[in-house]
Amino acid sequence: MALLIPDVGEVELLARLLYYGGATLASGREDGTLKLYKTNVTPAESDTAGSYTVADFTGYSNKTLTSTQSGSTWAVPTTAVGVTSSTYGTTLSWSPTSSQTVYGYYVVGATSTTLWWAELFSSAKNLADGDTLNLTAKMALD
Amino acid sequence: MTWRPRHGQWVKFKADRPLPLAHRTADGYCVGIFQRGGRRPSAVAHAVAAGGPPPAPAAGPAGDTVVVVNEFGENAIDMVRGQVAADRIELAPAGLTDLRPVTDRADIPAPRLAHLPADWQPVP
């Protein structure tokens with residue numbers, strides 16, 4: 001039989017994944033770096049960070065997902081209908097001054113550069129000068 | 001037990017309709033990436049157009065889908081009379097003929113695997 005992670009386990013494990021839960025770490029904590037990608041690819045199991053081409057529109061910058069729990073970083077995970085999730089408290093925002101289509105985002109370790117996860121947007125975002133792209137990062141276990 | 005693809009798994013199938021931009025394997029299958037339906041987006045993104053209201057977010061697929069891949073390993077796009085109709089082609093797996101997992105590296109478009117070791121093989 002497959003193992004089962006109950007809701008309480010999901011909360012604890014997600015907290016450890018995103019900000020180490022209640023553990024006090026003197027070192028070893030690693031932030032995430034969120035990047036938009038400009039190639040039209042669906043994330044697959046075989047992917048690494050090299051599977052994605054980072055956006056490079058004028059005004060683009062990578063965003064840091066700080067590995068702490070606070071109002072402006074990761075929220076304490078909560079469970080609803082069997083799905084445990086945590087939302088990043090700061091909306092990530094880009095204001096391009098050139099045109100580019102972005103298809104999704106991926107997150108890598110800020111120092112390891114290992115790919116952590118990726119997501120294709122529900123539809124491509126055709127960005128142009130003067131537009132704003134807002135993204136609220138959220139991680140869920142179910 | 002009935003095989004059910006994993007989210008993000010490479011799969012292949014026999015196309016019942018023309019998919020001119022789809023990658024074809026040596027044995028004539030089309031290749032795609034399975035997407036589990038009902039998954040909640042991890043992130044919510046919306047673009048605010050200059051001088052206008054934010055566009056309504058597009059609805060995600062209601063059920064499981066297979067996203068068709070082109071020869072470059074990117075999403076095959078849907079063209080209607082020379083115009084881009086959709087930025088990807090999503091097919092319901094239940095309607096696909098001979099849907100099966102990709103088990104041979106050679107079935108996956110090479111550009112999509114360029115970052116992996118030469119002996120890497122997909123997990124069935």
Side-chain angles (χ1 to χ4, degrees), chain A residues 34 36-53 65 80-81 83 85-88 91-97 99 101-107 115-142, chain B residues 5-11 31-36 38-52 54-61 65-70 72-77 84 86-90 101-102 105 108-109 111-117 120-123:
Chain A
L34 185 145
L36 300 175
Y37 65 83
K38 64 175 184 176
T39 40
N40 187 11
V41 296
T42 295
E45 287 184 330
S46 56
D47 287 350
T48 69
S51 304
Y52 303 92
T53 303
L65 297 175
V81 200
V83 178
S85 64
S86 175
T87 300
Y88 199 72
T91 298
L92 309 177
S93 186
W94 293 265
S95 298
T97 55
S99 298
T101 299
V102 294
Y103 292 91
Y105 74 93
Y106 62 110
V107 178
L115 178 65
W116 286 357
W117 74 85
E119 183 174 13
L120 180 70
F121 292 146
S122 57
S123 63
K125 310 298 182 190
N126 301 307
L127 303 177
D129 184 6
D131 291 351
T132 300
L133 177 65
N134 294 318
L135 189 148
T136 302
K138 183 178 182 181
M139 171 58 84
L141 294 177
D142 65 4
Chain B
R6 301 180 302 279
H7 185 64
Q9 183 173 6
W10 288 98
V11 296
V31 173
I33 300 169
F34 182 82
Q35 298 287 284
R36 182 69 51 82
R39 287 198 168 229
R40 295 151 184 83
S42 306
V44 177
H46 65 269
V48 181
T65 60
V66 172
V67 181
V68 182
V69 170
N70 66 20
F72 305 107
E74 300 181 355
N75 297 336
I77 57 175
V84 176
D87 57 40
R88 59 180 178 264
I89 301 170
E90 297 180 273
V102 168
R105 176 190 176 105
I108 299 174
R112 192 63 189 267
L113 300 178
H115 58 284
L116 289 172
W120 179 90
Q121 294 294 333
V123 177

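As the structure is a prediction and not an experimental result, all values here were calculated from the model. Residue numbers start from 1 in every chain, and the chains themselves are labelled A, B, ... in the order their sequence lines are given, proteins ahead of strands.
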Taking side chain as C-beta onward, heavy atoms only, is B:P101 less than 4.5 Å from B:Q9?
-> yes
How about B:D87 and A:T101: do any of their side-chain heavy atoms sit closer than 4.5 Å?
-> no
Which of the residues [options] is involved in the greatest number of heavy-atom pairs with chain B at under 4.5 angstrom?
options                     : value
A:V102, A:V41, A:T42, A:T39 : A:T42
A:G50, A:P43, A:S85         : A:P43
A:S46, A:G104, A:A124       : A:S46

Plane angle bin for A:Y37 and A:Y52 - parallel if under 30°, tilted between 30 and 60°, otherwise perpendicular = tilted
Closest non-hydrogen contact found for A:T48 with B:L116 is CG2-CD2, 3.8 Å
Tell me, side chain or backbone of B:I108 under 4.5 Å from chain A's heavy atoms, or both, or neither?
-> neither
Can you say whether [X] sits under 4.5 Å from chain B via the side chain, the backbone, both, or neither, judging by heavy atoms?
X     : answer
A:A44 : both
A:L34 : neither
A:D47 : both

Is there a donor-acceptor pair closer than 3.5 Å between any side-chain N or O of A:N134 and the backbone N or O of A:T91?
-> no
Any donor-acceptor N/O pair, A:E119 side chain to A:Y105 backbone, under 3.5 Å | no
